[in-house]
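Accompanying notes for the structure given below.
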Amino acid sequence: MTDAHTLPGQPRGAVLTGPATARAVNVLAPNPSAMTLDGTNTWILSEPGSDLAVVVDPGPLDEKHLRHVVDTADRAGKRVALTLLTHGHPDHAEGAARFAELTRTDVRALDPALRLGDEGLAAGDVVRTGGLELRVVPTPGHTADSLCFHLPADRAVLTGDTILGRGTTVVAHPDGRLGDYLDSLRRLRSLTVDDGVHTVLPGHGPVLEDAQGAVEYYLAHRANRLAQVETAVEDGYRTPGEVVAHVYADVDRSLWPAAELSVRAQLEYLEGHGLI
């Protein structure tokens, strides 16, 4: 068995519904798949002693899951006062409108199409609810509307799909762009270096105890894949499908369609920088 402390980011272990930090509780959605790993992590955030909570990423439109989130907050003596979205992919956001009905809350997101209420989210915003403080960190790349939420009191960051608890994420071309994604990873690295963030609360997979190690691994992985794609093109593999079959030969074929999105983003990046 591999020791978790030798893995990138030092994953905590199994993905469980329950407390992850002093202010964060996970409710795992029942939507496991090759792309969503164990399922979507729906995060309930609350300042200790407060009766108000913020929910990040209600998850899929699954009535049982959405009610489970509400019931989990209720059992802890918390009322959900606000709903936030890291990005608009259905496994994170499809249930948001129904969840807003159940909780009578606004939904705040970067994308205006996902918002319910008058307020959105933007770089530099600070969300304060019941004494809880969340800082909005723009992290485009996986998607154009991707955000992370810095929880300074727990030295943690909620990363949505920008960093996963296991494996690596997809740059979802054409909405996602590799250059943006690399900049976002560097922005998260600054949080670990300058702001003392050490815990990653991801949108999928286990909690990571070594945020800086996770970011460094992602940056190295992207550099390696980019070099592989560049070499593949030089060797005559021209189409995204051909590059995927060559570069991602060791990856489960069920993931090749997602890998092709990342390859398209990498090809666009290489072309834009005059490297191919």
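Every residue two or more places apart in sequence or in another chain that forms a ring pair (Phe, Tyr, Trp, His ring centres under 6.0 Å) with H87 is listed here: H89, H92, H142. Not counting sequence neighbours, the partners of D252 by the side-chain hydrogen bond (donor to acceptor under 3.5 Å, both in side chains) test are S254.
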**Study point:** Step-by-step side chain to side chain donor-acceptor pair (under 3.5 Å) determination, D161 to T169
**Key:** CA-CA 6 Å; D161 282 355; T169 198; 5.2 Å; no

Practice item. Under the side chain to side chain contact (heavy atoms under 4.5 Å, CB included) rule, what do F99 and V107 come out as? Steps first, then yes or no, please. Key: CA-CA 9 Å; F99 189 73; V107 176; over 6 Å; no

Exercise for review: Carefully, step by step, assess R166 and D38 under the rule salt bridge (Lys or Arg N to Asp or Glu O under 4.0 Å).
Suggested key: CA-CA 10 Å; R166 185 170 66 250; D38 308 87; 3.2 Å; yes

Exercise for review: Just do the side chain to side chain contact (heavy atoms under 4.5 Å, CB included) check on L151 and V157 with the steps written out, would you?
Suggested key: CA-CA 6 Å; L151 181 55; V157 60; over 6 Å; no

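Checked by atom type and distance alone, the side chain of H65 pairs as donor or acceptor with a backbone atom of P58 at under 3.5 Å. Within the 3.5 Å criterion, the main-chain N or O of V229 finds no donor-acceptor partner in the side chain of Y237. Of the possible polar contacts, none joining the T129 side chain to the L132 backbone as a donor-acceptor pair under 3.5 Å is found. A donor-acceptor pair under 3.5 Å is absent between the side-chain atoms of R108 and the main chain of L82, judged by distance alone. Judged by distance alone, the side chain of T86 and the main-chain N or O of L147 form no donor-acceptor pair under 3.5 Å. Side chain of W256 to backbone of G241: no donor-acceptor contact under 3.5 angstrom is found. A donor-acceptor pair is defined here as one N or O able to donate and one able to accept, closer than 3.5 Å; no such pair exists between the side chain of T17 and the backbone of V27. No donor-acceptor pair closer than 3.5 Å links the side chain of R189 to the backbone N or O of S184.
Heavy-atom minimum distance, A265 versus V171: CB-CG1, 3.6 Å. The shortest heavy-atom contact between D62 and P30 is OD2-CG, 3.7 Å. When all heavy atoms of H246 and A232 are compared, the closest pair comes out as CD2-CB, 3.7 Å. Nearest heavy-atom pair across E133 and V126 is CG-CG1, 3.5 Å. Between T105 and A81 the shortest heavy-atom distance is CG2-C, 3.5 Å.
L52 is not connected to V56 by any chain of hydrophobic side-chain contacts under 4.5 Å among Ile, Leu, Val, Met, Phe, Trp and Tyr, and they are in different clusters. Hydrophobic clustering (side-chain heavy atoms under 4.5 Å, transitive across Ile, Leu, Val, Met, Phe, Trp, Tyr) keeps L28 apart from L85. In the hydrophobic cluster analysis, where Ile, Leu, Val, Met, Phe, Trp and Tyr join through side-chain heavy atoms closer than 4.5 angstrom, I163 is grouped together with V170.
When hydrophobic side chains of Ile, Leu, Val, Met, Phe, Trp and Tyr are connected at separations under 4.5 Å, L16 ends up as a singleton with no cluster partners.
Within 6.0 Å of atom CZ in R222, more than 12 heavy atoms from other residues, nucleotides or ligands are found, so the atom counts as buried in its surroundings. Within a 6.0 Å sphere centred on CZ of R238, heavy atoms belonging to other residues, nucleotides or ligands number more than 12.
T36 and D91 share no donor-acceptor pair across their side chains, judged by distance under 3.5 Å alone. Defined by atom type and a distance below 3.5 Å, a donor-acceptor pair is missing between the side-chain atoms of S146 and T139. Between the side chains of N41 and N26, a donor-acceptor pair is found at a separation under 3.5 Å.
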Residues 110-119 side chain polar contacts: donor-acceptor under 3.5 Å, at least two apart:
{"from": "D111", "atom 1": "OD1", "to": "A113", "atom 2": "N", "distance (Å)": "2.9"}
{"from": "R115", "atom 1": "NE", "to": "A109", "atom 2": "O", "distance (Å)": "2.8"}
{"from": "R115", "atom 1": "NH2", "to": "L110", "atom 2": "O", "distance (Å)": "2.8"}

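Pairs passing the side chain to side chain donor-acceptor pair (under 3.5 Å) check and including a residue from residues 191-203, sequence neighbours excluded, do not occur. Residues in residues 262-272 take part in these side chain to side chain donor-acceptor pair (under 3.5 Å) pairs, two or more places apart or across chains: Y248-Q266, E260-R264.
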